[in-house]
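Remarks on the structure that follows.
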Amino acid sequence: MLELQRIRKQKDTIIERLAVKNFDAKNIVEEILALDNERRHLQKQLDDTLSETNGLSKTIGQLFKEGKRNQAGEIKSHSAALKARSKTMSYKFDEIVKKLRSILIELPNVPHPSVPKGVSEADNEIIFEEGELPALPDNALPHWELARKYQIIDFDLGSKVTGAGFPFYRGKGARLQRALINFFLDEAVAAGYLEYQPPLLINADSGFGTGQLPDKEGQMYYVGEDKLYLIPTAEVPITNIYRNVILGEDDFPVKNVAYSSCFRREAGSYGKDVRGLNRLHQFDKVEIVQIQHPEHSYETLDEMKDYVASLLRKLELPFRILRLCGGDLSFTSALTFDFEVFSGAQKRWLEVSSVSNFESYQANRMKLRFKNKAGKTQPTHTLNGSALALPRIVAALLENNQCDKGISIPQALRIYTGFDLIA
RNA sequence: GGAGAGAUGGGUGAGUGGCUGAAACCACCGGUUUGCUAAACCGGCGUACCUGUCAAAAGGUACCGGGGGUUCGAAUCCCCCUCUCUCCGCCA
């Protein structure tokens, strides 16, 4: 949610920049400003009336003490009339505030100046590429066939027990999962992140805080019996730790990491993109979250970007970094870098991480603030990134490292897997 | 799941209808004193919105878990919800 003050001050800039996201903000911004004016006007009226009533009440108390009951009675009736009036005003005021808020949350975050205009992922800007694409023989197998061949992931069994998109990992496949999780967590802790193990279900307030609700409600699994949602990413519980929190300047940067299973309904997904591990309803991910002073958040974004790159380098996977264009940028993000690894047999780039700066958009929404040097509270900036999402990493590892003897494990992972080869 | 108790500012905790945005103490910040540290003393110390202003100062309103009600007036009385604690039951 954008700050109202900012909309008041930078109306034109905001409209201009949101155009990069292909969002026509003109009308909505005008409406917000009109409602805001109305709200302020009403509040002034209401406050004045309440102030008058408070004054009268004090007088009544005084008169009662002095035993002047008759006089008090007169004022009482006046006060009662005022009260009725303030009640009507307050009702109207609440309506306006509610409406203002509901419109305010429809306004997406303003993209950073470096975000290129564009309508789809085709317009994303490749800013970095590293590693050699694997030269696999023509008979190289896609990961879902390798998974079957070596009996390390069972998709059919998942379908039987749960449904499509809920695979079983088995034997060395399961061990590989565990190895990756430990590898990612250890790396993050070494980089200064504090490890958390979050709840996998969250309440509606938390869903709202990070922006999953109300707009992406259909993407989360909902446990109606208890009014809880399964987390689509650890970002939600980890960032919401700081909902309604006021930090000190000394607390920056807050660096947290968490492994969690992630649950996504992925309603509407279909086709070749979703085969095998490419898109699942349940998957594992290690997520890094930082909370930073607004002046330093972009340095932090770079730091996180470099960190994710270091992981892929250690896994010896060819990868590239994309700067998302306006059209592909999420509702809440100001700037996002996507990481893609090349999966040799599918001959496709697969997204394995998304590192974003939300600036104050999430923080303002969840009232995460800090006291600045001047002693005023202002929203912090929040950032997060996957480091990393497992399934597509596994897909690329399996496909790229396949050879006659089996699938070889990259050096960095071997101390975690305890084996060099899946055969 | 059953029974009971409770929820007050960063913390402890007072407050059962008006003079309480809230005592006191601790923590914290500033100052005085002081070889240094400590102690002592003095002062400050919540959040949001509105008015005001170049900015401030100043003022107003709301907030004592959340929502609603009674009353001229509610932290204080009533109703609902949430959460916490204790005991019992169940259980990884």
Side-chain angles (χ1 to χ4, degrees), chain A residues 1-10 32-105 197 199-209 213 223-229 237 240-252 254 261 360 362-380:
Chain A
M1 189 164 75
L2 295 179
E3 291 131 278
L4 209 45
Q5 287 169 350
R6 182 172 170 200
I7 300 175
R8 279 186 214 144
K9 280 186 198 146
Q10 311 174 6
I32 286 169
L33 291 177
L35 278 170
D36 182 41
N37 269 331
E38 200 177 345
R39 180 193 120 252
R40 283 147 83 184
H41 181 68
L42 266 174
Q43 176 164 357
K44 177 74 180 130
Q45 283 189 332
L46 176 61
D47 283 358
D48 287 348
T49 310
L50 288 173
S51 175
E52 199 180 333
T53 315
N54 286 344
L56 290 178
S57 292
K58 263 186 194 142
T59 313
I60 291 168
Q62 195 59 36
L63 288 174
F64 260 98
K65 225 179 218 172
E66 292 165 11
K68 298 175 181 168
R69 294 201 165 246
N70 289 344
Q71 269 189 54
E74 267 173 49
I75 302 177
K76 247 192 204 180
S77 58
H78 183 203
S79 178
L82 272 183
K83 198 200 168 181
R85 210 195 318 160
S86 63
K87 209 164 193 177
T88 326
M89 279 194 267
S90 142
Y91 178 76
K92 220 161 117 191
F93 179 75
D94 288 347
E95 287 294 297
I96 299 280
V97 168
K98 230 185 260 172
K99 196 167 167 195
L100 179 58
R101 188 171 172 81
S102 73
I103 295 177
L104 211 46
I105 62 170
Q197 228 182 78
L200 303 182
L201 288 102
I202 47 121
N203 59 30
D205 282 347
S206 296
F208 184 83
L213 295 176
V223 184
E225 183 99 14
D226 295 294
K227 295 185 182 148
L228 298 171
Y229 298 84
N240 271 286
I241 292 171
Y242 300 91
R243 174 152 47 84
N244 274 316
V245 164
I246 299 177
L247 297 168
E249 289 228 24
D250 299 343
D251 295 323
F252 296 126
V254 174
S261 292
S360 60
Q362 283 183 334
N364 186 45
R365 198 171 163 123
M366 69 168 88
K367 294 201 174 78
L368 161 53
R369 293 157 295 170
F370 73 103
K371 214 178 259 284
N372 64 25
K373 287 204 183 78
K376 293 221 168 178
T377 52
Q378 68 177 99
T380 69

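What you see is a predicted model; the values in this text were computed from it and never measured. Below, chain A is the first sequence line, B the second, and so on; all start at residue 1.
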Whole-Å distance separating the [atom1] atom of [X] from the [atom2] atom of [N]:
{"X": "A:D94", "N": "B:C63", "atom1": "CG", "atom2": "P", "result": "12 Å"}
{"X": "A:E52", "N": "B:G60", "atom1": "CD", "atom2": "P", "result": "14 Å"}
{"X": "A:N244", "N": "B:G10", "atom1": "CG", "atom2": "P", "result": "12 Å"}
{"X": "A:D251", "N": "B:G10", "atom1": "CG", "atom2": "P", "result": "15 Å"}
{"X": "A:N203", "N": "B:U82", "atom1": "CG", "atom2": "P", "result": "13 Å"}
{"X": "A:Q5", "N": "B:A48", "atom1": "CD", "atom2": "P", "result": "10 Å"}
{"X": "A:D48", "N": "B:C50", "atom1": "CG", "atom2": "C1'", "result": "9 Å"}
{"X": "A:R39", "N": "B:A48", "atom1": "CZ", "atom2": "P", "result": "14 Å"}

Distance check, [atom1] atoms only: [N] and [M], in whole angstrom units.
{"N": "B:A14", "M": "B:G6", "atom1": "P", "answer": "12 Å"}
{"N": "B:G18", "M": "B:C25", "atom1": "P", "answer": "24 Å"}
{"N": "B:U33", "M": "B:C42", "atom1": "C1'", "answer": "11 Å"}

Can you see if the side chain of [X] gets near the phosphate of [N] - specifically, an N or O under 4.0 Å from OP1 or OP2?
{"X": "A:N54", "N": "B:U61", "value": "yes"}
{"X": "A:R369", "N": "B:A48", "value": "yes"}
{"X": "A:R40", "N": "B:C49", "value": "no"}

State the pairing partner of [N]; accept Watson-Crick or G-U wobble contacts with both distances under 3.5 Å, and report none otherwise.
{"N": "B:C87", "result": "B:G2"}
{"N": "B:G21", "result": "none"}
{"N": "B:G43", "result": "B:C29"}

So what does [X] touch, heavy atoms closer than 4.0 Å: a base, only the sugar-phosphate, or nothing?
{"X": "A:S77", "answer": "nothing"}
{"X": "A:I60", "answer": "base"}
{"X": "A:S57", "answer": "base"}
{"X": "A:K83", "answer": "base"}

Does A:Q197 CD have over 12 foreign heavy atoms under 6.0 Å away?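 Not buried by this count: 12 neighbours or fewer within 6.0 Å.
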Could you tell me if the side chain of A:I32 sits less than 4.5 Å from the side chain of A:L100, heavy atoms only?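 Yes, close enough: below the 4.5 Å cut-off.
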Heavy-atom side-chain proximity of A:F370 to A:D251 below 4.5 angstrom: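 No, their side chains stay 4.5 Å or more apart.
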Under 4.0 Å between a side-chain nitrogen and a carboxylate oxygen: does that hold for A:R40 and A:D36?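 A salt bridge links A:R40 with A:D36.
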Which nucleotide in the set [options] lies at the smallest distance from any side-chain heavy atom of [X]?
{"X": "A:K371", "options": "B:G46, B:A48, B:C72", "value": "B:G46"}
{"X": "A:L50", "options": "B:U61, B:C72, B:U51", "value": "B:U61"}
{"X": "A:T53", "options": "B:C72, B:C50, B:A62", "value": "B:C72"}
{"X": "A:K76", "options": "B:C49, B:G60, B:C72", "value": "B:C72"}
{"X": "A:K87", "options": "B:U47, B:U61, B:U70", "value": "B:U70"}
{"X": "A:I246", "options": "B:C50, B:G18, B:U47", "value": "B:U47"}

Residue pair A:N203 / A:S206, side-chain donor-acceptor N/O under 3.5 Å: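 A:S206 and A:N203 do have a side-chain donor-acceptor pair below 3.5 Å.
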RNA chain B: A:A80 or A:K367, which has the more 5' nearest nucleotide?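 Whichever sits nearer the 5' end wins; that is A:K367.
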Of A:Q43 and A:G61, the one whose closest RNA chain B nucleotide lies more 5':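 Here A:G61 is the residue nearer the 5' end.
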Step by step, would you call A:M366 with A:N240 a side-chain contact (heavy atoms from CB on, under 4.5 Å)? CA-CA 8 Å; A:M366 69 168 88; A:N240 271 286; 4.3 Å; yes
Walk me through it: do A:T380 and A:Y242 pass the test side-chain contact (heavy atoms from CB on, under 4.5 Å)? CA-CA 10 Å; A:T380 69; A:Y242 300 91; over 6 Å; no
